[in-house]
Amino acid sequence: MKPLPEIRLMPTRPALDARPLEKRVGLIILATDHTSEPDFRRMVASERVGVYVARIPYKNPTTPENLRKMQPELAAGAALILPDEPLDAICYSCTSASVVIGDAEIEAAIQSAKPGVPVVTPPMAGVRGLQALGAKKISILTPYTVETSRPMATYFGERGFEIVSFTCLGFEDDREMARIAPAAIVDLAREATHAQADALFVSCTALRGALAVPGMEQAIDSPVVTSNQASAWNCLRLCGDGTSHPEFGRLMTLPLPRD
């Protein structure tokens, strides 16, 4: 072997940027999730905004009982995202679990690991999105069973929306939900949207619904809000990014509503 060269230590260190990227979005997703990460990479990540992901344990079937079991994992999941560094927003990417566990409980668990970080859940973002669109009467489409869909109806009803129709598909496995083609979701939206609805909410972060938003809005001639699209929009606006992205649906052209 030839002699190794002397390793030279530079006498000065380069100046450091405040952050590698200006804004940071944390994303807590299920171990089984196929969809949230690609959706956030497409709709949120940029040269200015970084998306940082942690996965937490989850086992199917998608029932209220199994969804509640994720609550103790939330703080540990949040703590794994850039430990000891602040985030500009953090999203727990599970719509049905957020409804079952509760937004306040999720916020408390995440903020125990990341104090003060704004917390987003998909149903919370969905409500804000529907309010931004001025929707009062809504249709809801979920891939869940009736048992898992029922708390979703209660959640939106308690927040002042009149649910004029609610359709579910009866799936119990989120990995199968992720395999529903976007074109099929467009057809389902057409069937599930009531004529009196101001907007359609498509629930579930496993569904590739965000990809189908333009097709759905064209098919029903009304605004569509999906779990991942609304969460992405909410996180971007919390990062101070007000850029209009009509290619992701009407919601992505709007600011956050004022509380």
Side-chain angles (χ1 to χ4, degrees), residues 18-45 49-128 143-144 148 151-152 155 172-178 203-207 210 227-239:
R19 292 181 172 187
L21 292 177
E22 182 181 347
K23 297 293 182 178
R24 300 167 174 161
V25 173
L27 184 63
I28 301 173
I29 65 177
L30 281 57
T32 52
D33 188 327
H34 285 270
T35 309
S36 297
E37 202 166 356
D39 275 352
F40 265 65
R41 185 169 61 245
R42 183 170 56 92
M43 293 187 288
V44 177
V49 181
V51 176
Y52 306 94
V53 183
R55 289 180 178 259
I56 61 173
Y58 175 71
K59 291 184 179 180
N60 283 290
T62 301
T63 63
E65 180 182 6
N66 280 347
L67 293 165
R68 286 190 191 95
K69 291 178 181 178
M70 283 187 281
Q71 185 173 356
E73 307 291 342
L74 291 171
L80 289 172
I81 302 175
L82 302 180
D84 303 320
E85 296 190 69
L87 302 173
D88 297 285
I90 189 166
C91 176
Y92 170 47
S93 192
C94 187
T95 322
S96 51
S98 297
V99 166
V100 170
I101 297 169
D103 290 332
E105 289 78 5
I106 290 168
E107 182 175 69
I110 290 174
Q111 289 186 342
S112 70
K114 290 289 188 182
V117 64
V119 176
V120 174
T121 71
M124 174 199 303
V127 167
R128 290 170 177 165
Y144 320 127
T148 303
M152 190 73 58
Y155 182 96
E172 292 186 322
D173 191 318
D174 69 318
R175 296 164 298 183
E176 292 183 346
M177 299 173 197
S203 180
C204 191
T205 57
L207 279 183
S227 292
N228 286 349
Q229 171 223 36
S231 296
W233 164 77
N234 201 159
C235 288
L236 280 173
R237 298 303 183 254
L238 287 171
C239 287

Can you see which heavy atom on [X] is nearest to which on [Y], and at what distance?
X: Pro86; Y: Arg24; value: O-NH1, 3.1 Å
X: His34; Y: Ala178; value: CB-CB, 4.0 Å
X: Met43; Y: Ala210; value: CE-CB, 3.8 Å
X: Cys239; Y: Lys23; value: O-CE, 3.3 Å
X: Val100; Y: Pro64; value: CG1-O, 3.8 Å
X: Ala78; Y: Ala113; value: CB-CB, 4.0 Å

Taking C-beta and beyond as the side chain, do [X] and [Y] meet within less than 4.5 Å on heavy atoms?
X: Ile28; Y: Ile90; value: yes
X: Met177; Y: Tyr144; value: yes
X: Gln229; Y: Trp233; value: no

In a check of side-chain hydrogen bond (donor to acceptor under 3.5 Å, both in side chains) between Ser36 and each of Ser93, Ser231, Ser227, which one passes?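 Among the candidates, only Ser93 passes.
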Please say whether more than 12 non-hydrogen atoms of neighbouring residues, nucleotides or ligands are located less than 6.0 Å from CD in Glu85.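 Correct, the count exceeds 12.
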Atom pair [atom1]/[atom2] of [X] and [Y] - distance to nearest 0.5 Å:
X: Glu22; Y: Asp88; atom1: CD; atom2: CG; value: 8.5 Å
X: Gln111; Y: Leu74; atom1: CD; atom2: CG; value: 12.0 Å
X: Asn228; Y: Cys91; atom1: CG; atom2: SG; value: 7.5 Å
X: Ser98; Y: Glu107; atom1: OG; atom2: CD; value: 12.0 Å
X: Arg19; Y: Leu82; atom1: CZ; atom2: CG; value: 9.0 Å
X: Ile101; Y: Lys69; atom1: CD1; atom2: NZ; value: 12.5 Å

Run the side chain to side chain contact (heavy atoms under 4.5 Å, CB included) test on Ile29 and Thr205 for me, step by step, so that the C-alpha distance in whole Å, both residues' side-chain angles and the decisive distance to 0.1 Å come before the verdict. CA-CA 9 Å; Ile29 65 177; Thr205 57; over 6 Å; no
Check: residues 49-60 side-chain donor-acceptor pairs under 3.5 Å, at least two apart:
residue: Arg55; atom: NH1; partner: Leu30; partner atom: O; Å: 3.1
residue: Arg55; atom: NH1; partner: Ala31; partner atom: O; Å: 3.2
residue: Arg55; atom: NH1; partner: Asp33; partner atom: O; Å: 3.0
residue: Arg55; atom: NH2; partner: Asp33; partner atom: O; Å: 3.1
residue: Arg55; atom: NH2; partner: Glu37; partner atom: OE1; Å: 3.2
residue: Tyr58; atom: OH; partner: Pro61; partner atom: O; Å: 3.4
residue: Tyr58; atom: OH; partner: Thr62; partner atom: OG1; Å: 3.1
residue: Asn60; atom: OD1; partner: Thr62; partner atom: OG1; Å: 3.2
residue: Asn60; atom: OD1; partner: Asp174; partner atom: N; Å: 3.1
residue: Asn60; atom: ND2; partner: Asp173; partner atom: OD1; Å: 3.2
residue: Asn60; atom: ND2; partner: Asp174; partner atom: OD1; Å: 2.8

Under the side-chain hydrogen bond (donor to acceptor under 3.5 Å, both in side chains) test, residues paired with Arg41 that sit two or more places apart: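 side-chain hydrogen bond (donor to acceptor under 3.5 Å, both in side chains) check on Arg41 returns nothing, list empty.
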All N/O donor-acceptor pairs, side-chain side in residues 119-126, below 3.5 Å, sequence neighbours left out:
residue: Thr121; atom: OG1; partner: Asp103; partner atom: OD1; Å: 2.7
residue: Thr121; atom: OG1; partner: Met124; partner atom: N; Å: 3.3

